[in-house]
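These notes are about the structure you will find just below.
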Protein chains: 2
Amino acid sequence: MLTQAAEDYLKSIYKLQEKGGKVSTGILAEYLDVKPASATGMIKKLKSMNLVSHERYQGVTLTDAGKVIALEVIRHHRLLELYLFKALGIPWDGVHEEAEKLEHVISEDVEARMDEFLGYPTADPHGSPIPDKNGVVPETVSMPMTSLQNGQSCVVAEVSDSDSALLRHLGSFNLYPGTAFQVIEVAPFEGPFTIDIAGQQAVIGREVAKNIFVSNVQET
Amino acid sequence: MLTQAAEDYLKSIYKLQEKGGKVSTGILAEYLDVKPASATGMIKKLKSMNLVSHERYQGVTLTDAGKVIALEVIRHHRLLELYLFKALGIPWDGVHEEAEKLEHVISEDVEARMDEFLGYPTADPHGSPIPDKNGVVPETVSMPMTSLQNGQSCVVAEVSDSDSALLRHLGSFNLYPGTAFQVIEVAPFEGPFTIDIAGQQAVIGREVAKNIFVSNVQET
DNA sequence: TATATAATTTAGGTAAGCCTAAAATAATTT
DNA sequence: AAATTATTTTAGGCTTACCTAAATTATATA
Ligand SMILES: [Mn+2]
Ligand SMILES: [Mn+2]
Ligand SMILES: [Mn+2]
Ligand SMILES: [Mn+2]
């Protein structure tokens, strides 16, 4: 079994390489809130286990074996988030932190039983896809809310899950995955979005909108 | 927050001092499957945190502060066992191992929600008492099965939870906490017990019987 | 192209928590 | 009481995963 730290590195490399290929040591260190020297050390260890490919100064990528483990940890994390949300009623702004610790500790048996209890779900409470037990990630199509135009309607697909205060803010507008809304106005000069959610108006700033991804975009 | 190792030491000291006052370094090391030198090291650390009292060569006991933490970990463990058993259907011979890891990782919020889901239970699947959220341990009265006499009837109160194979063996006879049985025969010279469980006869060896505790003992 | 800046790696350290081997202390036997 | 045996502690090592500071390499700028 890998250590918790090693699993977190693999998971992070996976997420970072999804948007941008090779992952630099500095980016990885910043993402994990450690110093670059620490990241270098772990990269060496992971390389010796053939879980990552790495050449000095050239960034790191997962090997196939490393990807399998990364997806396994991500599956644990997202299944746990949904389970804690649905079975124990933990609010969606609290599940990430719990799952971050539990993901390294649950057995494959617990994983399978949660999966069954939840009816083999494909997305966590924040809309992120849950890899299936073979590591296949459900396809998702979404675009950042910031690319929406005046008058367009859409459905919330996914929101970033790690900022608890942001999630509470979105919850106050009922902006959960699956929620439909329409853009009433986009203020000029990179200004905020005024939107209509089931008849209720809300003003969403740029910084918040960057963390919201939408699908089913239509002109109205 | 204490480390997982420190929490396990406190939990173990609590259990060992329940039956025999001061806990020797050797007994503690054997219980935790580490060398005595390692136990000495951790005892020093716990003493520096005022969680245990210790004088060289004289054994160790928990301080009040240490007891609070020990009971908190035991509460986590037993609530988790019951939750995994009832909510996820994990068999009673598998819950101990899972709980051993999860106990150090769940939040007070998860603890409280499991407690509520389970209806504020007082015993885990093996009959061990669950300390309440204030650290109060429910009173239990039981005696070892080995002290039973011919013809006596009783109810299973508690079985030891750490040996998975033993638990499967007991399960094959339906010997769960709450199960009633009657002693048909006690073979002489420290021999096995022949018992009647709801009309089914079973032969229980001495070594197995040592791990079973009973209550409601009555002559018939 | 030479120099300045930024990113990355190397070198050396710390803290947990385990280990083995040797020394110290306590308990038991003669 | 002395000698033997058992228990406990000390001393010194190892691994993981982090750190800071210095050296190296790559990239950007003049
Ligand atoms: Mn994690
Ligand atoms: Mn999530
Ligand atoms: Mn434990
Ligand atoms: Mn138990």
Side-chain angles (χ1 to χ4, degrees), chain A residues 1-14 16-17 19-62 65-66 69-70 73 100-105, chain B residues 1-14 16-17 19-62 66 69-70 73 100-101 103-105:
Chain A
M1 255 292 281
L2 288 175
T3 62
Q4 169 163 344
E7 287 187 350
D8 280 337
Y9 271 91
L10 292 173
K11 185 176 70 164
S12 302
I13 294 166
Y14 176 87
L16 292 170
Q17 80 179 17
K19 36 184 178 199
K22 286 187 177 176
V23 178
S24 75
T25 302
I27 293 287
L28 180 59
E30 188 190 11
Y31 188 81
L32 281 163
D33 200 23
V34 297
K35 302 296 164 185
S38 304
T40 298
M42 182 60 86
I43 287 167
K44 277 185 170 179
K45 195 170 303 167
L46 294 173
K47 187 180 182 185
S48 79
M49 293 186 277
N50 286 306
L51 298 174
V52 301
S53 305
H54 179 247
E55 281 168 85
R56 300 165 72 231
Y57 293 92
Q58 297 307 127
V60 67
T61 50
L62 295 177
I69 295 171
V73 179
E100 197 61 45
K101 296 173 296 180
L102 290 164
E103 65 188 4
H104 308 289
V105 151
Chain B
M1 256 292 281
L2 287 176
T3 62
Q4 168 164 344
E7 287 187 350
D8 279 338
Y9 272 90
L10 291 173
K11 185 177 70 165
S12 302
I13 293 166
Y14 177 86
L16 292 169
Q17 80 177 18
K19 35 183 179 202
K22 285 186 177 176
V23 178
S24 76
T25 303
I27 293 286
L28 180 59
E30 187 190 10
Y31 189 81
L32 282 164
D33 200 23
V34 298
K35 302 296 164 185
S38 304
T40 297
M42 181 60 86
I43 288 167
K44 277 185 170 177
K45 195 170 303 171
L46 294 173
K47 188 180 180 184
S48 80
M49 292 186 277
N50 286 308
L51 298 174
V52 301
S53 306
H54 179 246
E55 282 168 82
R56 300 165 73 232
Y57 292 91
Q58 297 306 127
V60 67
T61 49
L62 295 176
I69 295 171
V73 178
E100 197 61 45
K101 296 174 296 181
E103 64 188 6
H104 307 289
V105 151

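Numbered from 1 within each chain, the chains take letters A, B, ... in sequence-line order.
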For nucleotides 7-9 of chain C, tabulate all protein N/O to nucleotide N/O atom pairs closer than 3.5 Å, reporting atom names and distance.
unit_1 : atom_1 : unit_2  : atom_2 : d
C:dT8  : OP2    : A:Gly26 : N      : 2.8
C:dT8  : O2     : A:Tyr57 : OH     : 3.2
C:dT9  : OP1    : A:His54 : NE2    : 2.9
C:dT9  : OP1    : A:Tyr57 : N      : 3.2
C:dT9  : OP2    : A:Thr25 : OG1    : 2.8
C:dT9  : OP2    : A:Thr40 : OG1    : 2.9

- Test item: B:Leu10 and B:Leu51 side chains (from C-beta on) under 4.5 Å apart, heavy atoms: yes

- Query: Minimum heavy-atom separation for A:Ala70 to A:Leu62, with atom names?
  - Reply: CB-CD1, 4.0 Å

- So what's C:dT30 paired with, Watson-Crick or G-U wobble, going by both distances under 3.5 Å? D:dA1

Nucleotides 15-17 of chain D: which of its N/O atoms have a protein N/O under 3.5 Å away?
unit_1 : atom_1 : unit_2  : atom_2 : d
D:dA17 : OP1    : A:Thr3  : OG1    : 2.0
D:dA17 : OP2    : A:Lys45 : NZ     : 3.3

What are the atom names and distances for every N/O pair under 3.5 Å that joins the protein to nucleotides 4-6 of chain C?
none

Donor-acceptor list for residues 21-48 of chain B side chains, cut-off 3.5 Å, not counting sequence neighbours:
unit_1  : atom_1 : unit_2  : atom_2 : d
B:Ser24 : OG     : B:Ile27 : N      : 3.2
B:Thr40 : OG1    : B:Pro36 : O      : 3.2
B:Lys47 : NZ     : B:His54 : O      : 2.8
B:Ser48 : OG     : B:Lys45 : O      : 2.7

- Message: On a heavy-atom basis, which atom in B:Lys101 and which in A:Val105 lie closest, and how many Å separate them?
- Response: NZ-O, 3.2 Å

- Query: How long is the span from the CD atom in B:Glu100 to the CD atom in B:Gln4, to the nearest 0.5 Å?
  - Reply: 8.0 Å

- Query: Who are the side chain to side chain donor-acceptor pair (under 3.5 Å) partners of B:Glu7, not counting sequence neighbours?
  - Reply: B:His104

- Query: Taking CG from A:Leu32 and P from D:dC19, how many angstroms apart are they, rounded to a whole number?
  - Reply: 10 Å

